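Below: the structure, in structure tokens.
For this chain, numbers begin at 1 and follow the sequence in order. Quantities reported herein were computed from a predicted structural model and do not represent experimental measurements. Indexing begins at 1, ligand by ligand and atom by atom, following the structure's order.
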Amino acid sequence: MEQKSFQNEEEGCLYLIPTPIGNLEDLTFRALRLLKEVHVVAAEDTRQTRKLFNHFEIATPLVSYHEHNKRTSGEKLIERMKSGEKVGLVTDAGTPGISDPGQDLVQLCVEESVPVIPLPGACAATTALIASGLSTDHFLFYGFLPRQKKDRQKALEELQNQPYTLIFYEAPHRLKETISAMASTFGSRPVALARELTKRYESFVRGAFADLHDWLRTHEVKGECCIIVEGNQAPIVEEEQPFWEEMSALDHIKFYIKKGMDKKDAIKMTAADRGLPKREVYNLYHQED
Ligand code: SAM
């Protein structure tokens, strides 16, 4: 269904409003105007958003919308939007919907044909990527790895062959363990750790996993961080099994006959596929008679 975002001023809608990931100057003019104009702002943590509102003198009513009330709160918000209200969605920091509960409300709006209007703005993933020194041509945003060791290892192995720059979010208290797990899976690839983006203590550690490992041994990591890893420059291409690998030679011939070939061609193709003499395959087929 087509959505025309700016054709009906009277219609209720959801604005996805990015907020700063540290530096308050990163709130855009448009975000500020809409935060003041909408009927209500749904926030992941109203206390956190209240600080932003106080700083910018925003008096719009706040309601909470987070992981644990997203169903009930989401339904109430949909009702309000359907009755013509404009709702702004903000999360604790950054772009709503990126590794936070925003996507559920968006899906609900799409199901209910409520327009969803996105605003561009601060996002830790792209901010970290552009200064990582790694390729920005193609990248894969992964977000948070699973917490369980086994699940994390499985996820890393699935990513091992990806040729694209990989972007991860991680909490500071899990960083050392995650970097060790990555080092054993990704080997000697270049990596960049971006910390406290846009804040006073913003820093980047760039190098190989071994360098990062050494750095982590002597530094206590505080603050939020992103890990950017070079994609696999020499992915191992697994050879595809030929379709007939599990068939007997006889079934292989029958397969081609079923596809519409005459017997002679089916025998010829089977012999060529298997690298066998035609006569041998011919005899095999006629042993059946
Ligand atoms: N929606 C947010 C966005 O657009 O970036 C991300 C929300 S996610 C719950 C929080 C994670 O983002 C943190 O654990 C960290 O990995 C990353 N992050 C957020 N702010 C950051 C900052 N200032 N510096 C580095 N990483 C940050």
Side-chain angles (χ1 to χ4, degrees), residues 14-28 30-31 34-35 41-49 51-52 55 64-70 74 88-107 116-134 136 139-147 152 155-156 159 165-182 191-206 212 215-216 219-229:
L14 179 71
Y15 287 106
L16 302 173
I17 307 182
T19 54
I21 56 171
N23 189 326
L24 291 178
E25 286 180 345
D26 292 332
L27 190 75
T28 67
R30 186 175 172 215
L34 282 168
L35 285 173
V41 170
E44 191 179 3
D45 179 348
T46 49
R47 283 165 311 175
Q48 188 74 14
T49 304
K51 290 183 206 159
L52 185 83
H55 182 86
S64 88
Y65 177 81
H66 51 68
E67 199 50 47
H68 307 290
N69 75 352
K70 63 187 181 190
L89 177 68
V90 300
T91 49
D92 285 351
T95 298
I98 304 298
S99 291
D100 58 35
Q103 65 164 318
D104 297 273
L105 189 55
V106 172
Q107 277 163 9
V116 178
I117 303 177
L119 272 69
C123 177
T126 47
T127 309
L129 172 71
I130 56 175
S132 66
L134 301 175
T136 56
F139 54 87
L140 189 155
F141 171 70
Y142 192 86
F144 291 99
L145 283 161
R147 288 185 188 182
R152 183 181 62 204
L156 289 173
L159 292 168
T165 303
L166 305 170
I167 308 175
F168 299 92
Y169 284 166
E170 192 49 290
H173 62 277
R174 275 193 292 271
L175 187 67
K176 280 188 186 167
E177 206 186 312
T178 301
I179 293 294
S180 295
M182 284 182 173
V191 56
L193 173 69
R195 290 191 310 128
E196 307 250 47
L197 290 162
T198 78
K199 302 181 192 174
R200 180 194 287 267
Y201 296 108
E202 175 180 291
S203 81
F204 291 88
V205 184
R206 304 181 182 95
L212 185 52
W215 186 88
L216 285 171
H219 291 79
E220 195 196 339
V221 179
K222 286 192 196 136
E224 296 183 289
C225 50
C226 299
I227 308 161
I228 318 290
V229 182

_Does any part of the side chain of Val116, heavy atoms only, come nearer than 4.5 Å to the side chain of Leu105, both counted from C-beta?_
no

*N or O contact, Pro96 vs ligand 1, cut-off under 3.5 Å*: no

_Of all pairs that satisfy side chain to side chain donor-acceptor pair (under 3.5 Å), the ones with a partner from residues 168-180, not counting sequence neighbours_ = Arg152-Glu177, Glu170-Arg174, Glu170-Thr178, Ser180-His213

*asked:* Considering both backbone and side-chain atoms of Ala125, is one of its nitrogen or oxygen atoms within less than 3.5 Å of a nitrogen or oxygen in ligand 1?
replied: no

*Of the protein's non-hydrogen atoms, which lies at the shortest distance from atom 18 (N) of ligand 1, and what is that distance?*
Ala124 CB, 3.4 Å

*Please verify whether a non-hydrogen atom of Asp100 lies at under 4.0 Å from ligand 1.*
yes

*Where is the nearest protein heavy atom to atom 22 (C) of ligand 1: which residue, which atom, and how far?*
Leu197 N, 3.6 Å

*asked:* Give the atom numbers and elements of ligand 1 that come within less than 4.0 Å of a heavy atom of Gly94.
replied: 3 (C), 4 (O)

_Which of the ligand 1 atoms, numbered from 1, are nearer than 4.0 Å to a heavy atom of Glu170_ = 14 (O), 16 (O)

*Can a donor-acceptor pair be found between the side chains of Thr91 and Asp100 at a distance below 3.5 Å?*
yes

*Go through the steps to decide whether Leu156 and Met182 satisfy the test side-chain contact (heavy atoms from CB on, under 4.5 Å), and finish with yes or no.*
CA-CA 7 Å; Leu156 289 173; Met182 284 182 173; 4.0 Å; yes

*Rounded to the nearest 0.5 Å, how far does CG of Leu35 lie from CG of Leu52?*
7.0 Å

*Tell me, yes or no, whether the heavy-atom count around Arg147 atom CZ, taken from other residues, nucleotides or ligands under 6.0 Å, exceeds 12.*
no

_atom 9 (C) of ligand 1: the protein heavy-atom neighbour that sits closest, reported with distance to 0.1 Å_ = Ser99 O, 3.2 Å

*In plain terms, say whether Glu224 and Lys199 are close enough for a salt bridge, that is, a side-chain N and a carboxylate O under 4.0 Å apart.*
yes

*asked:* If you define the side chain from C-beta out and look only at heavy atoms, does anything of Pro18 sit under 4.5 Å from Leu119?
replied: yes

*asked:* Can you list everything that forms a ring pair (Phe, Tyr, Trp, His ring centres under 6.0 Å) with Phe168? Sequence neighbours excluded, please.
replied: Tyr142

*Does ligand 1 have an atom under 4.0 Å from some heavy atom of Ala93?*
yes

*Among all protein heavy atoms, pick out the one at the shortest distance from atom 16 (O) of ligand 1; state its residue, atom name and that distance to 0.1 Å.*
Cys225 O, 2.6 Å

*Within the structure, does Ile21 bring an N/O atom to less than 3.5 angstrom of an N/O atom in ligand 1?*
yes

*Where the closest heavy atom to atom 21 (C) of ligand 1 is concerned, which of Glu202, Glu196, Glu224 has it?*
Glu224

*Closest non-hydrogen atom pair between Pro118 and Arg30, with its separation*: O-NH1, 4.2 Å

*Does Gly22 come within less than 4.0 angstrom of ligand 1, counting non-hydrogen atoms of the residue?*
no

*Look at atom 5 (O) of ligand 1 and find which of Tyr169, Tyr201, Phe144 reaches it with the closest heavy atom.*
Tyr169

*Which residue from Thr95, Ile98, Ile227, Thr91 reaches closest to atom 7 (C) of ligand 1 through any of its heavy atoms?*
Ile98

